[in-house]
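Only one structure is covered here, and it is reproduced in the block below.
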There are 2 protein chains.
Amino acid sequence: MAKAGPRTESGTSRARSADVRDALIAAAIETLAQAGFAGASAREIAARASCSQGLVFYHFGSVNDLLLAALDEVSTRRMDAYRRLVAEATSVTGLADAARSIFIEDLNSGYVRVLVEMITGAQSVPGLGERVAERLAPWRDLAESAVRNALRGSPAARLLPAPEAAHAIVAGFFGLEMLAMLDGDSSAALAVFGRARSLARLLDVLAGVKVPRSRRNDR
Amino acid sequence: MAKAGPRTESGTSRARSADVRDALIAAAIETLAQAGFAGASAREIAARASCSQGLVFYHFGSVNDLLLAALDEVSTRRMDAYRRLVAEATSVTGLADAARSIFIEDLNSGYVRVLVEMITGAQSVPGLGERVAERLAPWRDLAESAVRNALRGSPAARLLPAPEAAHAIVAGFFGLEMLAMLDGDSSAALAVFGRARSLARLLDVLAGVKVPRSRRNDR
DNA sequence: GTCTATACTTGGATAGAC
DNA sequence: GTCTATCCAAGTATAGAC
């Protein structure tokens with residue numbers, strides 16, 4: 001039986017501790033997205049989490065390990081939503097629509113930016129690159145299965161092998177995000193997605209695939 | 001007439017000074033490409049240039065200004081070569097070939113990496129992003145005129161408006177570079193360029209354009 | 001578990017000798 | 001113009017009080 005004493009009751013204290021952990025991860029994501037890898041110091045992150053800087057090291061051991069935890073959080077949080085979206089895409093047009101809405105969501109939430117910062121920032125820290133690559137693998141797999149799913153049974157599959165198409169799509173996400181950060185504006189990226197949809201639709205029509213109707217009225 | 005004295009003869013001394021300036025710029029490029037923005041400190045760059053760290057500030061005022069000078073150097077050094085390459089591309093296939101050889105050259109020399117590092121790194125330094133954007137504008141203009149040139153008179157021009165196509169191409173360069181740094185390997189990027197060429201060729205054939213023969217034997 | 005204080009390191013930037 | 005020495009700010013990480 002638990003003996004009485006100062007109120008360090010296990011459930012409560014564990015919950016509070018986990019709260020801080022979560023707050024630090026959320027702050028790390030926010031910091032990566034707003035200040036970049038170079039700006040993501042223990043002090044800056046702790047300030048955003050409204051806790052002491054020492055807790056970064058208590059909970060995660062090092063700043064880089066916290067950043068990797070943030071990357072994990074971003075991955076798992078989005079992966080489910082994306083898997084669902086992508087499963088619905090059974091045509092090239094559908095794939096283009098899915099890619100577009102994923103891009104918009106992630107652009108607004110800053111998640112793609114987190115990936116971009118981690119990929120480039122990791123290059124200046126020996127050994128970090130590999131750990132980032134591991135965490136990105138599921139995203140790349142998802143992109144590849146999305147392409148496979150969208151092209152299943154389409155003659156376009158011969159023109160667009162899934163591995164290369166997936167690689168190009170992932171690269172496109174990252175590159176468009178970079179240009180959007182540079183411009184402080186994502187309208188050009190959105191225009192590219194719009195155009196991609198038209199081309200996708202053309203591919204579907206040529207292949208005789210039943211094509212989803214446009215969501216917007218682009219006559 | 002110049003009076004005799006300690007050998008600080010103007011021509012020689014100015015030449016030596018310019019040598020150091022150039023060495024610092026070359027070292028900055030190398031450092032950005034190999035250690036990234038976060039690793040590009042005045043001390044690290046000076047060490048690679050085999051001179052004292054103080055000279056960074058004497059010649060450039062600040063590290064960031066040196067990095068911008070490095071970006072300028074990369075831009076001007078490549079722009080001429082690219083303009084020539086791109087002027088020769090008068091079909092979509094030709095454009096794909098030009099893009100491919102530019103990518104390979106820049107990947108090996110690390111120039112794209114310099115751009116990627118500057119774009120992302122600049123986000124953590126207030127005001128630097130704008131200055132990077134200015135320097136990137138000519139590249140984006142070049143891409144756009146390349147597209148215009150390649151599509152001149154082709155029916156594909158209606159499908160691929162130059163601004164959007166150019167934006168996508170630039171984004172593709174950056175994204176493929178990022179994935180190549182992540183993988184430590186550019187074979188996947190090269191495969192994408194190979195596939196892009198096939199698709200470009202298909203576009204040209206459909207449009208009835210005279211298509212350059214393949215350089216490699218892809219039957 | 002959390003905070004404050006502090007040791008230690010690295011990096012930007014300047015001063016002064018040569 | 002270049003180097004050495006140095007100052008100062010910011011960052012990582014740890015120690016010890018609570």
Side-chain angles (χ1 to χ4, degrees), chain A residues 5-28 31-32 35-70 117 121-122 124-128, chain B residues 5-28 31-32 35-70 117 121-122 124-128:
Chain A
R7 290 255 48 82
T8 36
E9 188 268 324
S10 164
T12 305
S13 110
R14 220 187 305 141
R16 292 206 173 263
S17 173
D19 281 354
V20 171
R21 244 191 92 92
D22 291 351
L24 279 172
I25 289 180
T31 308
L32 278 172
F37 184 88
S41 67
R43 287 178 154 87
E44 177 65 30
I45 297 171
R48 288 183 199 248
S50 307
C51 73
S52 116
Q53 166 257 356
L55 288 182
V56 168
F57 303 95
Y58 175 79
H59 284 288
F60 298 93
S62 73
V63 174
N64 287 335
D65 285 328
L66 167 54
L67 296 181
L68 285 173
E117 292 293 338
S124 44
V125 183
L128 192 54
Chain B
R7 290 253 50 80
T8 37
E9 188 269 326
S10 163
T12 305
S13 111
R14 222 187 303 141
R16 292 208 171 261
S17 173
D19 281 352
V20 170
R21 243 191 93 94
D22 292 350
L24 278 172
I25 289 180
T31 308
L32 278 172
F37 184 87
S41 68
R43 287 177 159 86
E44 175 66 29
I45 296 170
R48 287 183 200 247
S50 307
C51 73
S52 114
Q53 166 257 0
L55 288 182
V56 167
F57 303 95
Y58 175 79
H59 284 288
F60 298 93
S62 73
V63 174
N64 286 336
D65 285 329
L66 166 55
L67 296 180
L68 286 173
E117 291 293 338
S124 44
V125 183
L128 191 54

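Once rounded to the nearest 0.5 Å, the distance linking CD1 of I25(B) with CG of L67(B) reads 10.5 Å.
Nucleotide dG11(D) holds its C1' atom 12 Å from the CD atom of E44(A), rounded to whole Å. Here dG11(D) presents its P atom at 16 Å from CZ of R43(B), a figure rounded to the nearest Å. When rounded to the nearest whole Å, the span between OH of Y58(B) and C1' of dA5(D) equals 19 Å. For the pair F57(A) CZ and dG11(D) P, the interatomic distance rounds to 11 Å; values are reported in whole Å. Rounded to whole angstrom, the span from the CG atom of L66(B) across to the P atom of dG11(C) amounts to 15 Å. Counting to the nearest Å, the P atom of dG12(C) and the CZ atom of F60(B) are 15 Å from each other. Between the CG atom of L55(A) and the P atom of dG1(C) there is a distance of 11 Å, rounded to whole Å.
The closest donor-acceptor contact from the side chain of E117(A) to the backbone of G36(A) lies at 3.5 Å or more, if one exists at all.
In this structure, V63(A) reaches the sugar-phosphate backbone alone: every heavy-atom distance under 4.0 Å involves primed, P, OP1 or OP2 atoms, never a base.
When each of dT2(C), dA13(D), dG11(D) is scored by its nearest atom to the side-chain atoms of S62(A), the top-ranked nucleotide is dA13(D).
Between L128(B) and F37(B), some side-chain heavy-atom pair lies under the 4.5 Å cut-off.
Counting all heavy atoms, side chain and backbone alike, T31(B) lies closest to A40(B) at CG2-CA, 3.7 Å.
Judged by closest nucleotide on DNA chain C, H59(A) is the one of H59(A) and Q53(A) placed further toward the 5' end.
Close to dT2(C), at under 4.0 Å from its OP1 or OP2, lies no side-chain N or O of S52(A).
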